[in-house]
Amino acid sequence: MQLAIRTSAKLNINLSPTPCISSPCYGFLSRHRLHVSKHVTIPQSLGTLLQPLRQNPPSVFSYALIFQYLTAYSNKNLLKLGHQVHAHMVLHGVMPSSFTAAKLVAMYASSGYTQNGFASRALDLFDQMMLENSEVKPNWVTIVSILPACAHSAALDRGKRIHEICRHNGLDSHSSVQTALIGMYAKCGSLADAKQCFDKISPGNRGLVAWNNMITAYASHGRGRECVLAFQDMEASGVQPDAITFTALLSGCSHSGLADVGLSYFYSMKNQYSVVPRLEHYACVVDLLSRVGQLVEAKETIDQMPMQPGPSVWGALLAASHRCRNLQIAEIAAKQLFVLEPENTGNYVLLSNMYAEAGKWEEVNNLRVFLKGHGMRKSPGCSWIEINGNAHLFIGGDTAHPQAREIYKLLEELPEKIKTIGYTPNTSFSLHDISEEEKMLSLTTHSEKLAIAFGILNTRTGQVLRVTKNLRICGDCHTFAKFVSDIYKREIIVRDVNRFHHFQDGFCSCGDFW
DNA sequence: ATAGGGTTAG
């Protein structure tokens with residue numbers, strides 16, 4: 001059978017992390033039945049593809065082909081179908097072979113980033129296959145499929161375990177595996193391990209993606225110098241940079257205040273490196289310019305772009321206006337964004353925050369009424385921390401955790417304790433229409449504070465705390481983390497939607513400018 | 001029998 005695999009149908013990977021919550025995969029799936037025509041519209045050829053499932057019993061091979069097909073198409077609706085086919089396989093007692101296992105993991109992993117829960121499903125599936133059936137061996141494809149799921153959910157311990165599995169199966173010398181490990185370690189907050197994996201690849205085997213992964217790693221951890229040095233090493237080793245290299249390099253420069261360096265790379269990328277700037281590069285430039293206070297120039301750059309500025313570019317301008325506290329330009333950017341991506345509540349929240357900071361309460365109220373009228377709600381912030389391989393998830397004001405009492409007790413004492421060394425709670429980051437007292441309450445129970453407090457309570461002295469948040473870290477929590485890192489002498493690494501913050505001895509690697 | 005590629009802005 002000839003398969004029409006569309007390899008171009010790749011999923012856009014989003015940095016926005018989602019938590020990994022364990023769920024019994026097979027139990028869930030066994031409640032499902034195969035209702036193919038009801039739930040999804042499928043391409044004609046897929047109908048033909050599903051035909052072999054009517055055999056009794058269907059062969060492992062039929063399943064493998066379907067999983068492969070669905071991976072190539074990877075979209076949400078087809079993943080639903082994938083679930084059902086997986087359920088079908090379980091119900092018919094067909095045991096996965098190494099081959100179907102790889103396909104299955106790839107299927108869940110490739111679609112897992114856009115929707116909560118699928119990355120964890122891929123991870124659970126992987127774990128079960130490693131445990132339940134020793135006949136099933138991971139191959140390098142299984143590994144490079146599953147590692148991004150660890151990266152996405154910031155599951156460092158699980159990632160380390162998978163690295164161990166690689167060593168055990170002799171896969172750790174495979175250059176694609178090594179390359180994927182760099183990304184996993186970097187996104188799970190361990191830059192040192194990422195570097196170690198990079199160094200392990202023999203210089204001749206360091207391909208474009210390995211370099212891109214390493215430069216991205218430095219960029220997201222705010223190590224601009226290393227970013228530029230790695231870029232220079234890459235050039236020296238004869239690997240041509242591509243558009244992704246420059247995205248990483250430019251964002252690395254902006255994350256660490258190297259605005260001039262970043263801008264000069266932007267200007268030379270087209271002429272010297274023959275890489276045509278794309279939307280994301282313009283988004284970086286807007287960001288770079290705003291960091292040297294040139295917001296007006298940023299707006300002019302957008303006006304002169306050779307292509308239509310998309311939401312990414314206007315989003316960068318909105319963030320830049322917030323950074324420069326320029327309400328006028330913020331309104332221009334927001335106006336565009338409300339048309340281009342009306343469903344993105346983050347834009348309304350950011351503009352509303354700016355109005356609030358400027359004391360324009362009427363506009364704040366207008367926005368709130370608008371959001372309410374359209375049934376939109378601010379997406380809830382959540383943070384999680386992995387301890388002994390388990391992810392503990394917190395939502396702001398959450399009391400559901402078994403250790404909630406201890407956590408809240410610590411969060412009552414901590415602000416008082418760190419006030420003595422200069423901390424003042426900043427309620428301007430909490431912009432609901434509520435009293436100061438209530439504001440304070442919601443501020444002290446932000447999800448990232450809950451996760452940090454939980455981490456302090458459940459780890460040994462000196463152990464690094466790695467917290468991940470689905471949104472941008474709040475300014476007050478940022479200050480809070482600095483003081484906590486100081487009095488507890490703890491390194492706290494927070495990954496937010498944009499970048500990493502390394503807190504140590506009362507300072508943050510972002511230099512308070514992010 | 002199947003033979004699949006990791007990286008992306010604010």
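These figures come from a predicted structure and were not determined experimentally. The sequence lines fix the lettering, A, B, ..., with proteins before strands; numbering per chain opens at 1.
Nucleic acid contact class of A:His255 (heavy atoms, under 4.0 Å, all strands): sugar-phosphate only. Residue contacts shown for A:Ser251 are limited to sugar-phosphate atoms, with no base heavy atom under 4.0 Å away. Counting any heavy atom pair closer than 4.0 Å across all strands shown, A:Ser175 reaches a base atom. Here A:Arg278 lies in heavy-atom contact (under 4.0 Å) with a base. Base engagement by A:Ala102 is indicated by at least one non-hydrogen atom pair under 4.0 Å involving a base atom. Residue A:Ala319 is in sugar-phosphate contact alone, with no base atom involved, counting any heavy-atom pair closer than 4.0 Å across all strands shown.
With B:dG6, B:dT7, B:dG4 as the candidates, the nucleotide lying closest to the side chain of A:Trp140 is B:dG4. With distances taken from any side-chain atom of A:Arg323 to the nucleotides B:dT7, B:dG5, B:dG10, the minimum falls on B:dG10. Among B:dT7, B:dT2, B:dA9, the nucleotide with an atom closest to any side-chain atom of A:Lys187 is B:dT7. Of the listed nucleotides (B:dG10, B:dG4, B:dG6), B:dG6 has the atom at the smallest distance from the side chain of A:Ala180. In this structure, the nucleotide among B:dA1, B:dT8, B:dG10 sitting nearest to the side chain of A:Phe61 is B:dA1. Listed nucleotides B:dA9, B:dG4, B:dG5 differ in distance to A:Thr247; the shortest reach to its side chain belongs to B:dA9. The side chain of A:Ser312 lies closest to B:dA9 when the candidates are B:dG4, B:dA9, B:dG10. Side-chain atoms of A:Ser176 lie closest to B:dG6 of the nucleotides B:dG10, B:dG6, B:dG4.
Between the P atom of B:dT7 and the OH atom of A:Tyr218 lies a distance of 19 Å, rounded to the nearest Å. When the P atom of B:dT2 is taken as reference, atom CE of A:Met107 falls 22 Å away, rounded to whole Å. Rounded to an integer number of Å, the gap from CD1 of A:Ile66 to P of B:dG4 is 19 Å. Between A:Ile215 atom CD1 and B:dT7 atom C1' the separation is 10 Å, expressed in whole Å. As a whole-Å value, the separation of A:Phe246 CZ from B:dT7 C1' is 15 Å. In this structure, A:Ile146 places its CD1 atom 16 Å from P of B:dG5, rounding to the nearest Å. Put simply, CG on A:Leu351 is 15 Å from C1' on B:dG10, counting in whole angstrom units. Rounded to an integer number of Å, the gap from A:Ile182 CD1 to B:dT8 C1' is 16 Å.
Applying side chain to side chain donor-acceptor pair (under 3.5 Å) to A:Ser290 and the options A:His322, A:Glu297, A:Lys299, A:Arg323 leaves one that passes, A:Arg323.
A centroid separation of less than 6.0 Å is found between the aromatic rings of A:Phe198 and A:Trp211. When ring centroids are compared, A:Phe99 and A:Phe61 stay outside the 6.0 Å threshold.
For B:dT7, the OP1/OP2 oxygens have no side-chain nitrogen or oxygen of A:Thr245 closer than 4.0 Å.
Applying the 3.5 Å distance criterion, the base of B:dT7 shares no donor-acceptor pair with the side chain of A:Asn213. For a distance-only test at 3.5 Å, the side chain of A:Asn139 qualifies as a donor-acceptor partner of the base of B:dG4.
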Intermediate values then yes/no, side chain to side chain contact (heavy atoms under 4.5 Å, CB included), A:Tyr348 and A:His374: CA-CA 12 Å; A:Tyr348 303 95; A:His374 288 76; over 6 Å; no

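Under a 4.0 Å N-O distance rule, the pair A:Asp157/A:Arg161 does not qualify as a salt bridge.
Atom CD of A:Gln232 has more than 12 neighbouring heavy atoms from other residues, nucleotides or ligands inside a 6.0 Å radius.
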